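Notes follow once the structure below has been shown.
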Amino acid sequence: MSDESPKYSIQVLERTNLLMDLLAQSSSSLSLKELAARSELNISTCHRILNDLVISQFVEHLPGGRYQLGLRLLELGNLVKNRLNIQELAYPQMQELHRKTGETINLSIKQGNDIVYIERCWSGQSGVHVVRPIGGRAPLHLTAVGKLFLADLDAVELLDYVHKTGIPASTSKSVNEFERLKNELAAINQQGFSIDNEELEEGVRCLAAAIFNEQGKVVAGLSLSAPAQRIQYAWSQDLRRAAKGISRELGCHL
DNA sequence: CACCGATAATATGGATCAGG
DNA sequence: CCTGATCCATATTATCGGTG
């Protein structure tokens, strides 16, 4: 998680956010004591904040005293989701790509220094599939879609990203030096698609093509992920074609 | 319009209580 | 005895009106 948030000016909001993040990171519910320990907040501070979150239903207070994220977040999340109509536009194309390749097709957008998966097309049948959860995140420089966004940055913004994150490696194949990354991004802009060659996860390769808005900015990426040996590089052209089609529907005329 | 700063309002955390 | 809930004095913070 790499969220370089500007400084909070209201402390409780920062703390509230911290508690919600802790709840989000935990797979199970957490007790007051655990939350206080992990957040390093005083137990009574924790208790008060959580109490108010329970009143607003951002957090649920389970019998037994444990806390978990509440349904209110789903309500709000759905409002946001409805706004992201890029998914609707992209979905038919994603289905088509999936039908043709048999592999998982993802749609992702950029948020801070990460990409977030917002839509997915796959079928559980036959063999191993690479499936990332919707809402899941991954660093820009380690993913095919992320590199599309990086390739769209100017030199200053790219340097800024590199400094802020330190472009850490995730596997032995990760590109974690600035020069190599820069060269790769230049190549991406030339060829119109990007590759993640087992850089985020061993054994998994991805191909991706960018979706542009009416101003010609990259707003999302269409990607295909599969076990490394199954990837066919010809698919990158299919991705490109599909991404181009979606871009046109978004009003991009390039 | 953004930025200060005094002050009212609030959050804090140690202490204490409750209950299992 | 341990965890969670509540209380309360006070340190910290948010607010709002003024100023450049």
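Here is how names work: the chains are called A, B, and so on, in the same order as the sequence lines, proteins then strands, and each is numbered from 1. These numbers come from a predicted model, not from an experiment.
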query = Side-chain N or O of Ser44(A) less than 4.0 angstrom from OP1 or OP2 on dG14(B)?
reply = no

inquiry  = The side chain of Thr45(A) is closest to which nucleotide in this list: dT6(C), dG4(C), dG13(B)?
reply    = dG13(B)

key: Euclidean distance, atom NE2 of residue His61(A) to atom P of dT3(C) [Å, nearest integer]   = 15 Å

query = Taking it one step at a time, do Asn197(A) and Arg205(A) satisfy side chain to side chain donor-acceptor pair (under 3.5 Å)?
reply = CA-CA 5 Å; Asn197(A) 185 31; Arg205(A) 289 195 181 127; 2.4 Å; yes

query = Atom NZ of Lys33(A) and atom P of dG20(B): how far apart are they, to the nearest Å?
reply = 19 Å

key: Euclidean distance, atom CG of residue Asn42(A) to atom C1' of dT6(C) [Å, nearest integer]   = 13 Å

message = Please pick, from dG14(B), dG4(C), dT12(B), the nucleotide with the shortest atom-to-atom distance to any side-chain atom of Arg48(A).
response = dT12(B)

request  = Specify the separation, in whole Å, of atom CG of Leu13(A) and atom C1' of dA11(B).
outcome  = 12 Å

note = With Gln87(A) as partner, the option from Leu107(A), Ile109(A), Ile134(A) fulfilling side chain to side chain contact (heavy atoms under 4.5 Å, CB included) is Leu107(A)

task = Identify which nucleotide among dG14(B), dG4(C), dT12(B) has an atom closest to any side-chain atom of Ile49(A), counting heavy atoms from C-beta outward.
result = dT12(B)

task = Among dG4(C), dT6(C), dT12(B), find the nucleotide with the atom closest to the side chain of Arg15(A).
result = dT12(B)

task = Measure from NE2 on His47(A) to P on dG14(B) and round the result to the nearest Å.
result = 17 Å

task = Could you tell me the separation between the CG atom of Leu32(A) and the P atom of dA18(B), rounded to a whole number of Å?
result = 18 Å

ask   = Given atom CG of Leu41(A) and atom P of dT12(B), what is their separation to the nearest angstrom?
value = 8 Å

task = Count the heavy atoms belonging to other residues, nucleotides or ligands that lie under 6.0 Å from CD of Gln57(A), then report whether that count exceeds 12.
result = no

query = How many Å lie between CG on Leu53(A) and C1' on dA11(B), as a whole number?
reply = 15 Å

message = Set out, in order, the CA-CA distance, both residues' side-chain angles and the distance that settles salt bridge (charged side-chain N to carboxylate O under 4.0 Å, His left out) for Lys147(A) and Glu199(A), then state yes or no.
response = CA-CA 11 Å; Lys147(A) 288 183 206 171; Glu199(A) 293 158 51; 2.6 Å; yes

